[in-house]
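See below for the structure under consideration.
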Amino acid sequence: MRGMKIIFWVLWRVWFYVLMAIPILVMLPFLVLSILTERGYPYFFKMARIWAKFILFGMGFYYKIEREQELDKEKSYMLIANHTSMVDIMLMLVTVRKPFVFVGKKELVKIPLFGFFYKRTCILVDRSSSRSKHGVFDRAQKRINQGLSICIFPEGGVPDDESILLDHFKDGAFRLAIEHQLPIVPMTFGDNKERFSFTFLSGSPGLMRVKVHSFVETEGKTMADKNNLKEQSWKVIHAQLLEFQKEEN
């Protein structure tokens with residue numbers, strides 16, 4: 001039985017990368033055209049949402065999204081969520097219809113095909129370089145001026161310790177939100193770790209629950225409020241993760 005599971009997991013993981021490539025290859029000319037100018041980004045974003053849905057459904061995932069508050073299409077936001085899986089990117093894309101830009105680690109540019117577009121559409125950060133971190137603020141400002149929102153997974157990566165439900169948040173998302181007076185939109189992804197974690201021989205098709213929480217306002221806030229906003233956002237997501245666990249039991 002264990003051997004059958006291992007075969008399934010290996011084939012399923014390979015299938016994930018096949019699914020990532022198929023829509024990119026099909027839409028390739030249109031994707032390339034959409035990234036030639038910054039004005040084309042909303043069209044790229046629409047195709048990225050199609051790509052995300054294709055992967056999720058192809059992997060046997062289906063999602064249930066509960067929203068406490070709706071985003072205003074005329075405003076920009078700071079989108080944050082817990083981070084446990086590669087499919088966090090896809091789930092964020094299907095959850096938020098308003099165009100946004102990811103701030104993410106530069107290592108993902110190494111993924112074939114995906115990395116090419118990731119490099120040209122996301123705000124990349126080298127966490128080992130303070131210069132790179134400071135550059136994020138300038139690039140984010142440019143995107144916000146274009147009417148886009150920003151998405152950051154504030155844990156800064158997936159916790160090394162499997163027992164950690166939600167790791168400590170880094171400052172970056174909250175510094176950006178305060179500097180640009182962006183409402184913070186906390187989101188909780190309830191099942192991504194169980195469905196498709198970074199552990200290779202693991203996972204299964206099934207439900208992915210999403211809770212979009214009420215916004216944490218930053219209007220009038222200063223850097224002196226950063227830690228309070230960070231703690232407030234962490235508590236909201238952590239409490240919801242515990243609630244999701246109760247629902248399972």
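Source: prediction; values computed, not measured.
- Checking side-chain atoms of Q181 against main-chain N and O of G220 turns up a donor-acceptor pair under 3.5 Å.
- Of the possible polar contacts, one joining the K98 side chain to the K73 backbone as a donor-acceptor pair under 3.5 Å is found.
- Within a 6.0 Å sphere centred on OH of Y17, other residues, nucleotides and ligands contribute 12 heavy atoms or fewer.
- For R13 (side chain) and F200 (main-chain N/O), a donor-acceptor pair under 3.5 Å exists by modelled atom type.
- Heavy-atom neighbours of Y43 OH from other residues, nucleotides or ligands within 6.0 Å: at or below the threshold of 12.
- When every heavy atom of F61 is checked against every heavy atom of R195, the shortest pair comes out as CE2-CB, 3.7 Å.
- Both cation-pi conditions hold for R143 and Y41: the charged atom is under 6.0 angstrom from the six-membered ring centre and inside a 45 degree cone around its axis.
- Within a 6.0 Å radius of NE2 in H168, no more than 12 heavy atoms belonging to other residues, nucleotides or ligands are found.
- Note on L207: it does not cluster hydrophobically with V212, by side-chain heavy-atom contacts below 4.5 Å among ILVMFWY residues.
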Requested in this report: Start with the C-alpha distance between M20 and F16, add both sets of side-chain angles, then the distance that settles side-chain contact (heavy atoms from CB on, under 4.5 Å), and finish with yes or no.
Outcome: CA-CA 6 Å; M20 285 184 69; F16 174 75; 3.5 Å; yes
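- F189 pairs with exactly one of F153, Y63, F244 by the side-chain contact (heavy atoms from CB on, under 4.5 Å) rule, that one being F153.
- A donor-acceptor pair under 3.5 Å links the side-chain atoms of R139 to the main chain of L124, judged by distance alone.
- Smallest separation of non-hydrogen atoms from I237 and M187: CD1-O, 3.6 Å.
- Using a cut-off of 4.0 Å between Lys/Arg side-chain N and Asp/Glu carboxylate O, E243 and K211 are scored as not salt-bridged.
- A donor atom on one side chain and an acceptor atom on the other are not found under 3.5 Å apart for E231 and N227.
- No side-chain donor-acceptor contact under 3.5 Å links W12 to the backbone of P205.
- In this structure, the side chain of Y77 engages the main chain of D72 through a donor-acceptor pair within 3.5 Å.
- More than 12 heavy atoms of other shown residues, nucleotides or ligands fall within 6.0 angstrom of atom CZ in R67.
- Side-chain atoms of T218 come within 3.5 Å of backbone N or O of L182 as a donor-acceptor pair.
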